[in-house]
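To start, the structure under review is shown below, and the notes come after it.
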Amino acid sequence: MASGDGLVVRVRPPLGRLTLAQARRLARLALAHGNGALELSSRANVQLRGIAPGRHSAVLRALAAVGLLDADAARERRRNVVLDPLHRPHEGVAAMGRALQQALDSADDLQALPAKFGWAIEGAPGRLAGVSADIRLQRTSSGWLVWPDGREQALAVRDAQQAVAVCLQWARWFAGHAARCRTQGLRPGRMAAVARSLPLPPGMAWQALHAAQGQAPAPGWVPGLGWLAGAPLGRLSASALARLLRALPPQAGLRATPWRMLLLEDTAAGPPRPVWWAAAGLDHAAEWITSAEDPRLRVSACTGAPGCAQALGPTLALALELAPQVPPGAHLHVTGCAKGCARQAPATVVLRAEAGDGPGPVYAVVRQGRAGDVAMQRQAMAAVRDNPGLLFSEK
Ligand code: SF4
């Protein structure tokens, strides 16, 4: 994807996991060809930014050499599956992910699916509650639920084979819907808008479902799995990643998460701290978030200016500067325009850059809403910075 600062290269780690060698390659590529940082996305992808168009082929060859490149762009696009990063072996999430990805890989009749059409596979109810998905697969005590977004009903199936068959049937149905919309000059939208019309596979019945409320986990020890460590605003310097990789035990891997954190696999590295902690640089607060109380967990921001050509103002530094003002339980999202790339969920306050009358941008203040929602007021950046507390005290 082209952006204001060069190409953005999105890497979907296979089944949500990177080996140390793969992660090392990404760090080297970010340093050699990119802007020296990696972005952890809200769909558990890892992105390189600032790639010069002339280096694109070299980057793709390097990704292919470590198994991080799909056969073609269409397959990569279809493989829009977020796996529950906290899954345990007995939950069968990885096996389900493998089965779904293999089916999507060979489903060449899904070309009409919108680029954002996505899937989520949960090992327990609510673990990916904040992650958008058109079709969600949820582990139960007796099998799986297949749940289309927009319905409070799901289908209960016994195994991965049956679940994948339902998924593919619904995806084909939605692809047909999308193709018909486009021939009429309409946008196909997402599953939530049409899920009430979904065909029921023969012999199956809807079962009522109450969506589990889930929250993003906090950084720290995940018993039996490893350590969750975040990067401020999901941006991790390649040098910090390289240092971490040198310190981790060789059998470790990294699981990408949709919470802008990495799960550092090491089942034996329980609290208070693993032996490799200091060598990994995890005490370096400018690079890592390792405490649940860190106020930077309460802010998010899209790339903004100058990295994004569509941005009407800067976002990243402002979000970090305002983080200490965001009360516990609240969330501030700073966006460079109304598109809302970096956060789909509502936030307590959204600051949206807009063109002002003067030389600099103004920031529209949306309360309890999303990037594109109606603003209550507009403020110059200086006013926001001078009185940041007002953002969370005004009604
Ligand atoms: S929300 Fe707008 S400004 Fe921000 S990255 Fe997306 S397109 Fe760019």
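Numbering of ligands and ligand atoms starts at 1, following listing order. Quick note: numbers below take in every heavy atom, side chains included, and nothing from hydrogens, waters or symmetry partners. Keep in mind that what you see is a predicted model, and the values were worked out from it rather than measured.
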Is Asp357 salt-bridged to Arg378, cutoff N-O under 4.0 Å? no
Contact atoms of ligand 1, heavy-atom distance to Thr335 under 4.0 Å: 1 (S)
for atom 2 (Fe) of ligand 1, nearest protein heavy atom and its distance come out as Cys337 SG, 2.2 Å
Gln138 backbone acceptor or donor facing Glu122 side chain under 3.5 Å: no
Under 3.5 Å, is there a donor-acceptor pair linking the side chains of Trp276 and Asp266? yes
Between the side chain of Thr348 and the main-chain N/O of His331, is any donor-acceptor distance below 3.5 Å? yes
Using 2.8 Å as a strict upper limit, say whether an N, O or S atom of Cys302 approaches atom 8 (Fe) of ligand 1 that closely. no
Under 3.5 Å: donor-acceptor pair, side chain of Asp149, backbone of Ile135: no
Which ligand 1 atoms does Ala311 reach within 4.0 Å, using its non-hydrogen atoms? 3 (S)
Please report which non-hydrogen protein atom sits nearest to atom 6 (Fe) of ligand 1, along with the residue it belongs to and the distance in Å to one decimal place. Cys341 SG, 2.2 Å
Taking 4.0 angstrom as the limit, do Glu91 and Arg127 come out as a salt bridge? yes
Within ligand 1, which atoms have a heavy atom of Gly340 less than 4.0 Å away? 1 (S)
Identify, for atom 8 (Fe) of ligand 1, the protein heavy atom at the shortest distance, and state residue, atom and that distance. Cys308 SG, 2.3 Å
